[in-house]
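Below is one structure. I have some questions about it.
On a predicted model such as this, the values are computed, not experimentally measured, just so you know. Proteins get letters first, then strands, A, B, ... in listed order; numbering begins at 1 in each.
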Number of protein chains: 2
Amino acid sequence: MMTHKRFSPPRSRRERPAKPALTRQGIIDAALAILREEGLHKVTMRRIAEALDTGPASLYVYVRNTTDLHVQILDALLAAATSPLTVEGTWRDRLKQVLMRYTSVLFNYPEIARMTLTMHPSGPNYLALLEQLLALLKEGGMPDREAAWVVDLLLLYATATAVEQSTRQSSSVAADEDSVLVAAITTIDASVYPHIAQLGNELFSGSGPDRFAWGIDVLLSGALSTPRAATEQEKTDAI
Amino acid sequence: MMTHKRFSPPRSRRERPAKPALTRQGIIDAALAILREEGLHKVTMRRIAEALDTGPASLYVYVRNTTDLHVQILDALLAAATSPLTVEGTWRDRLKQVLMRYTSVLFNYPEIARMTLTMHPSGPNYLALLEQLLALLKEGGMPDREAAWVVDLLLLYATATAVEQSTRQSSSVAADEDSVLVAAITTIDASVYPHIAQLGNELFSGSGPDRFAWGIDVLLSGALSTPRAATEQEKTDAI
DNA sequence: ACCTGAACACCGTTCAAGT
DNA sequence: ACCTGAACACCGTTCAAGT
């Protein structure tokens with residue numbers, strides 16, 4: 001049956017060791033593969049070790065802990081969000097495209113989105129995103145002081161939206177909660193909650209993308225018309 | 001030694017049963033106590049069962065699963081965020097107070113804040129908060145259509161800020177990441193990232209509360225000056 | 001109906017011992 | 001220096017058996 005194996009030429013050291021040397025990058029790659037196929041909740045030390053045909057303890061030579069691993073994963077994913085722009089149009093249109101691309105990356109990995117809110121990335125891909133946004137804000141005539149703060153607001157908004165939407169989409173529990181909220185609001189006691197009752201379904205109107213785009217316009221228009229108060233230092237300087 | 005026990009009067013059924021009957025509310029109360037004293041990561045089925053002097057399996061009579069339990073906890077905490085206002089001032093000032101009180105509740109429980117982003121609460125306390133905000137927006141002259149959307153934006157902003165700040169404060173890992181980001185930005189290559197280099201430390205300027213208050217003003221001013229586009233339905237109606 | 005012990009199928013991390 | 005088996009100290013959830 002297996003005798004033909006005898007005739008295959010001998011390899012340099014062994015026949016298909018099948019077990020590549022452990023490296024930090026190898027661990028991250030394995031983690032990304034599991035993330036894609038099984039979700040972040042399966043990206044555990046034990047599961048990665050299994051994929052690399054070793055024990056969990058071996059990973060700790062290259063990875064400090066689980067958080068360390070997650071930071072690396074986020075950075076790798078962010079690469080997909082910073083390719084050159086494909087849309088012509090006003091600076092606002094292009095800014096929306098950048099942010100929507102950023103959200104759509106996070107959208108595909110709910111748990112990563114949740115993580116991003118907690119730990120600011122600082123890798124080259126995140127910096128590239130920041131640079132892109134700042135360039136567009138300058139083009140739109142946003143003063144430096146306001147640009148510095150609103151870029152944070154825009155990223156926070158995009159990230160939070162991704163977290164909210166993505167988990168809502170992937171878990172049926174969240175969908176149930178939504179219908180509970182819709183039911184609570186449409187049948188609400190108008191004498192206790194008059195304003196909610198008056199708006200009613202208006203609170204749920206519009207599509208996700210429409211609301212997101214409107215939110216960005218709100219942030220941009222608001223920032224353009226809301227100067228930051230002078231800091232204590234600046235007040236002193238002005239004397 | 002223990003003979004004096006003989007002389008103590010007999011209780012109705014037993015001497016100090018010490019084990020109160022299991023109820024849903026009892027489980028939630030125990031969970032809240034553990035949350036306060038040990039953090040959400042300790043609010044596990046096993047830990048609660050231990051506190052109630054029973055086995056984890058017994059809890060499943062009253063609680064569907066861990067998420068179910070977390071939803072209840074969130075609702076209970078939200079009660080603290082909706083007491084009557086204490087501040088006089090413009091509608092904007094009072095709206096800021098409401099949102100800052102909401103964030104400060106979440107601030108004390110980082111893990112609950114993270115949860116809130118994922119699953120919209122629909123309990124009476126959440127509705128009261130919504131009602132309060134809508135009343136203030138109306139007072140500020142916000143049209144209904146925009147008020148319905150911006151209230152969501154305000155709550156999303158407040159929640160996301162709470163998540164970001166609170167985990168940053170409680171974990172030293174996050175602090176490390178921050179200094180990594182600061183270092184990355186202050187020593188950045190100006191030929192690759194000109195706009196980031198130009199703003200430099202301006203990106204980190206200001207205190208948390210100042211930035212938060214500015215953000216709310218941005219959202220309010222932006223919403224007041226950014227009408228929502230007409231929906232398809234409304235376009236049809238207009239003919 | 002309510003409660004329980006025990007089990008199943010998992011986690012992250014450490015550490016002494018090997019190579 | 002790198003790798004590992006085994007252990008420690010945990011998880012959520014289910015289920016058959018008891019009261």
Side-chain angles (χ1 to χ4, degrees), chain A residues 13-14 17-31 34-35 37-74 111-112 114-115 118-119 167 170-174 176, chain B residues 13-14 17-31 34-35 37-74 111-112 114-115 118-119 167 170-174 176:
Chain A
R13 290 206 173 264
R14 280 189 222 165
K19 202 176 165 180
L22 234 42
T23 61
R24 187 167 218 269
Q25 193 57 51
I27 292 170
I28 294 165
D29 289 344
I34 296 169
L35 172 65
E37 284 152 32
E38 304 171 48
L40 188 68
H41 69 281
K42 281 283 177 185
V43 183
T44 65
M45 293 297 198
R46 294 183 116 94
R47 180 68 190 78
I48 295 167
E50 191 195 298
L52 294 172
D53 195 24
T54 182
S58 308
L59 305 180
Y60 285 81
V61 177
Y62 304 95
V63 162
R64 187 187 301 274
N65 52 33
T66 314
T67 329
D68 178 24
L69 186 71
H70 286 171
V71 172
Q72 297 306 316
I73 292 172
L74 172 58
E111 294 111 325
I112 294 287
R114 233 165 295 153
M115 227 176 59
T118 304
M119 39 177 223
T167 30
S170 64
S171 99
S172 57
V173 183
D176 286 354
Chain B
R13 291 205 174 264
R14 279 190 221 166
K19 202 174 167 183
L22 233 43
T23 62
R24 190 176 160 92
Q25 193 56 51
I27 291 170
I28 294 165
D29 289 344
I34 295 169
L35 172 65
E37 284 152 32
E38 303 171 48
L40 188 69
H41 70 281
K42 281 283 177 185
V43 184
T44 65
M45 292 298 197
R46 294 183 115 94
R47 180 68 190 77
I48 295 167
E50 190 195 299
L52 294 172
D53 195 23
T54 182
S58 308
L59 305 180
Y60 285 81
V61 177
Y62 304 96
V63 162
R64 187 188 301 273
N65 52 33
T66 314
T67 329
D68 178 23
L69 186 71
H70 286 171
V71 172
Q72 297 307 315
I73 293 173
L74 173 58
E111 295 113 325
I112 295 287
R114 234 165 294 152
M115 229 175 58
T118 305
M119 37 178 222
T167 30
S170 65
S171 99
S172 57
V173 182
D176 287 353

Any residue meeting side-chain hydrogen bond (donor to acceptor under 3.5 Å, both in side chains) with Q25(A), in chain and number order, not counting sequence neighbours: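 Per chain and number, Q25(A) pairs via side-chain hydrogen bond (donor to acceptor under 3.5 Å, both in side chains) with D29(A).
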With A51(B) via side chain to side chain contact (heavy atoms under 4.5 Å, CB included) - residues at least two apart: I34(B), R47(B)
side-chain hydrogen bond (donor to acceptor under 3.5 Å, both in side chains) partners for E50(A), two or more places apart: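 Applying side-chain hydrogen bond (donor to acceptor under 3.5 Å, both in side chains) to E50(A) gives none.
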Distance below 4.0 Å between S58(A) side-chain N/O and dC2(D) OP1 or OP2: no
Gap in Å between the two P atoms, one belonging to dC10(C) and one to dA9(D), rounded: 22 Å
Nucleic acid footprint by protein, nucleotides 6-19 of chain C - heavy-atom cut-off 4.0 Å, B for base, S for sugar-phosphate alone: -B---BBBBB----
Pairs satisfying salt bridge (Lys or Arg N to Asp or Glu O under 4.0 Å), at least one member in residues 58-67 of chain A, at least two apart: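 Not a single pair qualifies under salt bridge (Lys or Arg N to Asp or Glu O under 4.0 Å).
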Those residues that, when tested against Y62(A), pass side chain to side chain contact (heavy atoms under 4.5 Å, CB included) (two or more places apart):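 By the side chain to side chain contact (heavy atoms under 4.5 Å, CB included) rule, Y62(A) matches L22(A), R24(A), I27(A).
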Any side-chain heavy-atom pair of L59(B) and L52(B) under 4.5 Å: yes
Contact check, side chains of I112(B) and L35(B), non-hydrogen atoms, under 4.5 Å: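 In short, these two side chains touch, coming nearer than 4.5 Å.
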5'-to-3' dot-bracket of DNA chain D (Watson-Crick, G-U; under 3.5 angstrom; crossing pairs as [ ]; | other strand): ||.|||||...|||||.||
side-chain hydrogen bond (donor to acceptor under 3.5 Å, both in side chains) partners for S58(A), two or more places apart: T54(A)
